[in-house]
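Below, chain A is the first sequence line, B the second, and so on; all start at residue 1.
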Number of protein chains: 2
Amino acid sequence: MKTDTVFKQAFNQTLTLLSAAGTGAPLPSENALSADLGVSRTTVRKVLAHLAERGYITGQGRNRIIATAVPDDAHFPHTETIATAQQVEVHFMEWMLRGHAQPGTQINELELARAFGVGTTGIREFLNRFRRFGLIAKRPNAGWVFMGFTRDFAMELFEIREMFELRSARALVRLPDSATIWPRLRAIERQHHELLNQIDARFQDFSDLDNRFHRLINSAVPNRFIDDFYDIITFIFHYHYQWNKRDERLRNETAIREHLAYIQALFSRDLVQVHAACSLHLASARKTMLAAFDAH
Amino acid sequence: MKTDTVFKQAFNQTLTLLSAAGTGAPLPSENALSADLGVSRTTVRKVLAHLAERGYITGQGRNRIIATAVPDDAHFPHTETIATAQQVEVHFMEWMLRGHAQPGTQINELELARAFGVGTTGIREFLNRFRRFGLIAKRPNAGWVFMGFTRDFAMELFEIREMFELRSARALVRLPDSATIWPRLRAIERQHHELLNQIDARFQDFSDLDNRFHRLINSAVPNRFIDDFYDIITFIFHYHYQWNKRDERLRNETAIREHLAYIQALFSRDLVQVHAACSLHLASARKTMLAAFDAH
DNA sequence: AAATTGTTTTTTATCGATAAGTGAAAGACA
DNA sequence: TGTCTTTCACTTATCGATAAAAAACAATTT
């Protein structure tokens, strides 16, 4: 059956809202909460019912009021708010990156299902989706094979990445001044400066900024296949960075400076400059990832 | 439970082998049959058991012999040899191209499952795999939406295709004379000439040749992401050509001539010529597909 | 009348069961 | 001694069932 992770997560979020509003405050309407939490009204009502049952809110219908301050331990544990499908992803990446998986390793659905504590269907579905990342292959009626997160894989990934990014940067330069990309580019430039100023404390935030920056560049002249490819990039980088922490602060600082130069080039609308700045950044990103393989 | 389509297909193939060999001939070993049919020996044994049961072969162990000529109606019907997963694909494409699916149409798993006569799991698995073609999107907990096989879709598809193809053609030109690509290119060039000579009778064979040609170009300097993308191209073209038969003979003849010019350019190793011939062909392919949208 | 809540219907996510199919060890043969 | 067959343990493909979540509909309230 379905897990109730959606409910539990919505419940936790609502608790936080309650704390912020304080005792005695009226509750927003069910529709408002539904939009706020990003779940259906059915789930909102379930949350409300639970809150009432535990005495955190009183009244009913349109006259609901926050009754008491909510104790901290009222939250559901974080693990209970993660859907099975997401759990499988996390577990699998863990399994993969911990070296359990040499190139050529056979992947056994039942074994993984037991190891991860889920049904085989969950594993199957994940593998089918994960297939597009190019790391596993299927032999019909005979299971999956892990292809290896190898140097070749990374090189091929970067080849495409560079092709796509240069294409987007070139297209961007040709856009008129009135395009919405320009103010958005300014905004993200500002975020780069902010992060750079607090680099010592916040260098871990770069990963997210990096992702948003490159996706922004593509979004100016969108192409769904490039977008899809960025899912792969994001996914690989996400797990790769978790695994390779060496020189993280320095690497990120360098990358931020490269981004800023790249952004400036874009504003200059000079194709040669853009090309140079973009290539420089991509080459340095590639070097970073390949270095991780050589160190290993 | 699993369907026995593998067995049925292997059985049918074996019947054909039997007819070719003729009464009294000895059977190949189980291992040989297994390799020949591309199934496990377990399945081969099941086939053999069935054949014996029906009296088509006699003897046992190593001394099996073809007993009688096999009647034509001994074959399992073709539909019983198609695995559920494949059936779903065919049904779904039918459903989609018959205009059942306007952009924005909601896709209902249970409804499709009933319409196609399969379990929901089969539909789910198909949709998850099909997602990568960029024609459907998922809203968690709330089903799938069909995005439409639109003009935009085709344009974005072709943008990537042109990028990839030019990259591969450029890379190919730089390969040494000793590379294995050159004889293979000669071979496929010959096939083009053959097809051109019999164009009136065989113009339908072009689709397959086209596919093999473009994949060959990429295979010279391979990249798994480009390969994957070609799966999408192949898939889309396959169904698109089934649907759009207008001017098929003429279109294919033109394309063959473009291919030949392109091949010649590649042999010349002149980058400018290659670029021109390749671009010309791709532009014409794009025009063909876009014309289908405008006609519609 | 528009927004809100109450109720019912529809749809998805997930599990476990089972026949079909694979692969490898053990045994037979020539 | 190496190929072929027999046997068996393990794996995948597929289904149907069920609780959770979404969506549609109906009834109130301000």
**Student:** Between the side chains of B:N218 and B:H214, does any donor sit under 3.5 Å from an acceptor?
**Tutor:**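 Side-chain D/A pair, B:N218 to B:H214: absent.
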**Student:** What is the distance, rounded to the nearest whole Å, between atom CD of A:Q60 and atom C1' of C:dT5?
**Tutor:**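 Whole-Å distance recorded here is 11 Å.
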**Student:** Which nucleotide in the set C:dT22, D:dA23, C:dT5 lies at the smallest distance from any side-chain heavy atom of B:A142?
**Tutor:**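 The closest nucleotide is D:dA23.
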**Student:** Would you indicate what A:N31 reaches in the nucleic acid, counting non-hydrogen atoms under 4.0 angstrom: base, sugar-phosphate, or nothing?
**Tutor:**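 Base, at least one base atom sits under 4.0 Å.
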**Student:** When the distance from CD of A:E109 to C1' of C:dT22 is rounded to whole Å, what number comes out?
**Tutor:**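 Roughly 13 Å, once rounded to whole Å.
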**Student:** Are the ring centres of B:F164 and A:F164 closer than 6.0 Å?
**Tutor:**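 Ring centres of A:F164 and B:F164 closer than 6.0 Å.
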**Student:** Answer yes if the ring centres of A:F130 and A:F235 are under 6.0 angstrom apart, and no otherwise.
**Tutor:**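 That pair passes the under 6.0 Å test.
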**Student:** Between B:W144 and A:T120, which residue's closest nucleotide on DNA chain C lies nearer the 5′ terminus?
**Tutor:**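 Here B:W144 is the residue nearer the 5' end.
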**Student:** Given the rule in the side chain to side chain donor-acceptor pair (under 3.5 Å) test, do B:R215 and B:T234 qualify, once you have shown the distances and angles that lead to the verdict?
**Tutor:** CA-CA 10 Å; B:R215 280 187 191 264; B:T234 304; 3.0 Å; yes
**Student:** For B:L33 and C:dG21, give me the distance from atom CG to atom C1', rounded to whole Å.
**Tutor:**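 Spelled out: CG on B:L33 to C1' on C:dG21 is 17 Å.
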**Student:** Using the salt bridge (charged side-chain N to carboxylate O under 4.0 Å, His left out) rule, collect all pairs that involve residues 21-45 of chain A, keeping only residues at least two apart or in two chains.
**Tutor:**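 Listed by first then second residue: A:E30-A:R41, A:E30-A:R45, A:E30-A:R64.
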**Student:** Could you summarise the pairing of DNA chain D as dot-bracket text, marking Watson-Crick and G-U pairs under 3.5 Å with ( ) or [ ] inside the strand and | across strands?
**Tutor:** ||||||||||||||||||||||||||||||
**Student:** Taking atom C1' of C:dA17 as reference, at what distance in whole Å does atom CZ of A:R114 sit?
**Tutor:**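 One finds 13 Å between C1' of C:dA17 and CZ of A:R114, rounded.
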**Student:** Pick the closest DNA chain D nucleotide for B:R139 and for B:R62 by heavy atoms, then say which residue is nearer the 5' end.
**Tutor:**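 Going by which nucleotide is closer to the 5' end, it is B:R62.
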**Student:** In this structure, is the centre-to-centre distance between the rings of B:F7 and B:H50 below 6.0 Å?
**Tutor:**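 Centroid separation for B:H50 and B:F7: below 6.0 Å.
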**Student:** Roughly, in whole Å, what's the span from CD1 in B:I57 to P in D:dT5?
**Tutor:**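 From B:I57 CD1 to D:dT5 P: 11 Å.
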**Student:** Take atom CD1 of A:I123 and atom C1' of C:dG16, then tell me their distance rounded to the nearest Å.
**Tutor:**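 Interatomic distance, CD1 of A:I123 to C1' of C:dG16: 14 Å.
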